[in-house]
J.: 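I am attaching a structure below and will ask some questions about it afterwards.
Both counts, for ligands and for their atoms, begin at 1 and track the order of listing. Hydrogens, waters and symmetry mates play no part in the numbers below; they use all other heavy atoms, side chains included.
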Amino acid sequence: MGFFDKLKKINIFASFGSELNDDFYDELEESLILADTGMDTTLELVEELRRRVREKGIKTLEEARSCMVEVIADALNAGDGELNLSTTPSVVLFIGVNGVGKTTTIGKIGAQLRGEGRKVLFCAADTFRAAAAEQLTIWSDRAGVDIIKQHEGADPAAVVFDAMSAARARKSDVVLVDTAGRLHNKQNLMNELNKISRVIDRELPDCARETLLVLDATTGQNGLIQAKQFKEAAGITGIVLTKLDGTAKGGIAIAIAKELGVPVKYAGVGEGIDDLKPFDAADFAQALI
Ligand SMILES: Nc1nc2c(ncn2[C@@H]2O[C@H](COP(=O)(O)OP(=O)(O)OP(=O)(O)O)[C@@H](O)[C@H]2O)c(=O)[nH]1
Ligand SMILES: [Mg+2]
């Protein structure tokens with residue numbers, strides 16, 4: 001089984017007749033829009049397919065399918081898809097609205113990085129609810145990594161401060177910072193993230209840093225709006241797209257990459273520890289179409 005087998009396919013290439021006519025392109029457009037690719041992105045993709053079909057003299061549906069996979073994979077390549085973990089320690093901040101999968105994603109990535117032989121530290125900077133640190137603690141046990149936490153209601157920046165000190169003292173390779181889920185339209189998001197950011201700058205100047213926005217794929221176009229707002233407020237370096245299992249809205253990945261120019265770096269397809277992988281554009285395009 002491939003990693004993206006749980007993704008719902010856009011079936012037009014299997015169900016359509018044999019001719020590459022206007023009806024075919026119309027139906028393809030419709031399918032892409034239904035998959036939440038978004039109007040603008042869909043029109044661009046289909047236009048690009050028509051152009052390549054003309055240029056290459058493509059006649060069959062099967063060739064057009066391969067061509068469409070390439071068009072989508074190209075659209076998904078929006079910058080470096082790899083995490084920058086070039087310094088010791090490196091810091092990765094996870095942000096996003098409530099319930100998108102931040103804590104779960106940290107657990108999964110922590111397990112993977114540890115599996116690669118890296119020394120990982122979790123930082124429970126979601127102090128909003130006591131249950132948040134507990135949930136991350138369960139994941140730290142599962143992943144076999146250390147965790148820094150404080151009491152409920154503590155200043156998130158203070159937890160980050162502790163984690164930065166611990167990372168230095170323990171010579172951690174990477175610190176994964178969990179933050180409280182919140183709405184993107186709140187000014188205090190920016191304030192809190194700025195504060196966290198200043199602590200990291202002061203404690204670990206010159207460390208490699210990523211800010212990953214976690215997005216629930218099932219929220220479709222609403223996810224795209226969130227991404228735009230978080231990008232403005234927090235300067236994100238990548239996206240983690242979760243809950244791609246079973247959703248028919250996989251096209252959102254293309255819309256994000258194309259409209260925001262921010263790469264999708266990880267994809268989640270379930271709740272288990274292995275249900276997350278670095279995002280592979282070609283694999284994803286192949287699975288979608
Ligand atoms: N099906 C599926 N469920 C997922 C995936 N990722 C996370 N979940 C589930 O989504 C729910 C919320 O996940 P959390 O990790 O708690 O989300 P969060 O963003 O940390 O939530 P808050 O801290 O409340 O903002 C949990 O039940 C997870 O198991 C995924 O890729 N697929
Ligand atoms: Mg959480």
J.: Angle class for the F284/F279 ring planes (parallel below 30°, perpendicular above 60°, tilted otherwise)?
T.: tilted
J.: Enumerate the atoms of ligand 1 whose separation from the nearest heavy atom of E271 is less than 4.0 angstrom.
T.: 2 (C), 3 (N), 4 (C), 9 (C), 26 (C), 27 (O), 28 (C), 29 (O)
J.: Show the atoms of ligand 1 that are less than 4.0 angstrom away from any heavy atom in G268.
T.: 31 (O)
J.: Closer than 4.0 angstrom, basic N to acidic O: yes or no for D22 and R50?
T.: yes
J.: Using a strict threshold of under 4.0 Å (side-chain N to carboxylate O), is an ion pair present between R51 and E47?
T.: no
J.: State whether D201 and R209 are salt-bridged, where the test is any N-O pair (Lys NZ or Arg NE/NH1/NH2 against Asp/Glu carboxylate O) under 4.0 Å.
T.: yes
J.: Of all the non-hydrogen atoms in the protein, which one sits nearest to atom 24 (O) of ligand 1, and at what distance?
T.: R129 NH2, 3.4 Å
J.: Counting N and O atoms only, with roles assigned by atom type, does the side chain of K265 sit under 3.5 Å from a partner on the main chain of E82, one being a donor and the other an acceptor?
T.: yes
J.: In this structure, does ligand 1 have an atom that sits under 4.0 Å from one of the heavy atoms of D126?
T.: yes
J.: Decide, yes or no, whether a salt bridge links D155 with K195 under the criterion of side-chain N to carboxylate O below 4.0 Å.
T.: yes
J.: Within a distance under 4.0 Å of any heavy atom of G99, pick out the atoms of ligand 1 and give their elements.
T.: 12 (C), 17 (O), 18 (P), 19 (O), 21 (O), 22 (P), 24 (O), 25 (O)
J.: Output the list of atoms in ligand 1 that are nearer than 4.0 Å to some heavy atom of G181, sorted by atom number.
T.: 25 (O)
J.: If the cut-off is 4.0 Å to any non-hydrogen atom of N98, which atoms of ligand 1 fall inside it?
T.: 25 (O)
J.: Is there a donor-acceptor contact under 3.5 Å linking the side chains of T104 and E271?
T.: no
J.: If the cut-off is 4.0 Å to any non-hydrogen atom of Q135, which atoms of ligand 1 fall inside it?
T.: 14 (P), 15 (O), 16 (O)
J.: Report the part of D245 (side chain from C-beta onward, or backbone N, CA, C, O) that has a heavy atom under 4.0 Å from ligand 1; answer both or neither where that applies.
T.: side chain
J.: Report yes or no: does V269 have a heavy atom closer than 4.0 Å to ligand 1?
T.: yes
J.: Within less than 2.8 Å of the Mg ion (ligand 2), any N, O or S from T103?
T.: yes
